[in-house]
Amino acid sequence: MPELPEVETVRRGLEPVFTGSRLELVELRRGDLRFPFPPGFAARLAGRRVAALKRRAKYLLGELDDGETLIMHLGMSGSFRIDADDGRGVRHRAASTKAAHDHVVFHFASGASVTYNDPRRFGFMLLVPGAELAAHPLFAGLGVEPLGPELTPQRLASGLRGRKAPLKAALLDQRIIAGLGNIYVCEALHRAHLSPLRAAGTLVDAKGRPKRGLVDLVEAIRRVLGEAIEAGGSSLRDHRQTDGSLGYFQHSFRVYDREDAPCPTPGCRGHVSRVIQSGRSTFFCRECQK
DNA sequence: CTGTGTTCCTGTTCGC
DNA sequence: TGCGAACAGGAACACA
């Protein structure tokens, strides 16, 4: 569920609490999430100050004052909750308080605390020296940031050239563009009027240059992600922002989870189809997505 | 190298 | 009403 817009929303929510703050204690309620926590994880964090909280693709990166980077991934059901201290020693728990599946609690010297909750435990946390970050297996092969200046039609053309995989699968491939997930791929393809079934390489001409549709696709990706971030992400099931409030981009879905609904493209008489591609639901309109 | 399928995990939803 | 099956999905991994 958390794709790039949700992770960015979380980052923005956590930034004021994390940045410049000193970690007093990190409480681990269990020894693992998706992977075991690295040796000495909590002890290595204690006493550290967080210099900055950044994001790369769907990863949150807490840069610490000792040069290490706290890598956090929300998997698909991870969320953070901020329990702030009002300065008078009174703790305010966010509205969505739920003790079950609270796996990690970051206690800051300021009195604020941040709790990581993850029912499905697909998320994980690691601690790696900043200098090793770029070479780390998780990051070494990662593709371009879809909202950064590197994502251009030409760049995407190089990534898709010659690929026979369906466009849907290619866009989910984090080695090409990093940060897109099932929802936003479906939404971007609909906005660009491109079929998820089409072979990815057909958007590139013989000289390796982007065809018209690819230019539209880059624009659609940027627009849909940007709008979703502005909306605070999408709230499916129980996904919430750090303050407990709900993102509302799900109301702007044109095709995702809308099987059989009339296609929202103006003038299009089609309906939303659902097919399975590489084991995942794809939603699209056969009439206006070619 | 490329493309596809499986797996991890648990809560929610759906059909009988 | 109850129960099991299907589903959700990021990314590592296995495999043809």
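Residue numbering restarts at 1 for every chain, and letters A, B, ... go by the order of the sequence lines.
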Using whole Å, report how far [atom1] of [X] lies from [atom2] of [N].
{"X": "A:R175", "N": "C:dC13", "atom1": "CZ", "atom2": "C1'", "value": "12 Å"}
{"X": "A:L33", "N": "C:dG10", "atom1": "CG", "atom2": "C1'", "value": "14 Å"}
{"X": "A:L180", "N": "C:dA11", "atom1": "CG", "atom2": "C1'", "value": "14 Å"}
{"X": "A:M72", "N": "C:dA11", "atom1": "CE", "atom2": "P", "value": "15 Å"}
{"X": "A:L74", "N": "B:dC8", "atom1": "CG", "atom2": "P", "value": "22 Å"}
{"X": "A:F35", "N": "C:dG10", "atom1": "CZ", "atom2": "C1'", "value": "10 Å"}
{"X": "A:R34", "N": "B:dT6", "atom1": "CZ", "atom2": "C1'", "value": "12 Å"}
{"X": "A:D118", "N": "B:dC8", "atom1": "CG", "atom2": "P", "value": "17 Å"}

Side-chain ([X]) to main-chain ([Y]) donor-acceptor, under 3.5 angstrom:
{"X": "A:R222", "Y": "A:G148", "answer": "yes"}
{"X": "A:Q174", "Y": "A:L172", "answer": "yes"}
{"X": "A:N182", "Y": "A:S281", "answer": "yes"}
{"X": "A:R49", "Y": "A:G20", "answer": "yes"}

Of the nucleotides C:dA8, B:dG11, C:dG10, which has the atom closest to the A:K58 side chain?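 Selected nucleotide (nearest to the side chain): C:dG10.
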Selected nucleotide, minimal atom distance to A:F122 side chain, candidates C:dA11, B:dC9, B:dG11: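 Selected nucleotide: B:dC9.
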Would one find a side-chain N or O of [X] under 4.0 angstrom from OP1 or OP2 of [N]?
{"X": "A:H101", "N": "B:dC9", "answer": "no"}
{"X": "A:S281", "N": "C:dA8", "answer": "yes"}
{"X": "A:K164", "N": "B:dT2", "answer": "no"}
{"X": "A:R274", "N": "C:dA8", "answer": "yes"}
{"X": "A:H73", "N": "C:dA11", "answer": "yes"}

If you assign each of A:R121 and A:A169 to its closest nucleotide in DNA chain B, which residue comes earlier from the 5' end?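 With A:R121 and A:A169 compared, the 5'-side residue is A:A169.
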Test question: given the 4.5 Å side-chain rule for I, L, V, M, F, W and Y, name all other residues clustered with A:V105, or answer none.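 Via sub-4.5 Å side-chain contacts, A:V105 links to none.
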Should stems be defined as at least three consecutive Watson-Crick or G-U pairs with both distances under 3.5 angstrom, which of them involve DNA chain B?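 Stem segments, range with range: B:2-16 with C:2-16.
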Would you indicate what [X] reaches in the nucleic acid, counting non-hydrogen atoms under 4.0 angstrom: base, sugar-phosphate, or nothing?
{"X": "A:P166", "value": "sugar-phosphate"}
{"X": "A:G181", "value": "sugar-phosphate"}
{"X": "A:R163", "value": "sugar-phosphate"}

Using a strict 4.0 Å threshold on nitrogen-to-oxygen distance, state whether A:R81 and A:D102 make a salt bridge.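 Answer for the salt bridge query: yes.
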May I ask you to say whether A:R11 pairs ionically with A:E8, meaning some side-chain N is under 4.0 Å from a carboxylate O?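 The answer is yes: the pair qualifies as a salt bridge.
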Whether A:F124 and A:F35 hold their rings parallel, tilted or perpendicular, with breakpoints at 30° and 60°: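 Correct class here is tilted.
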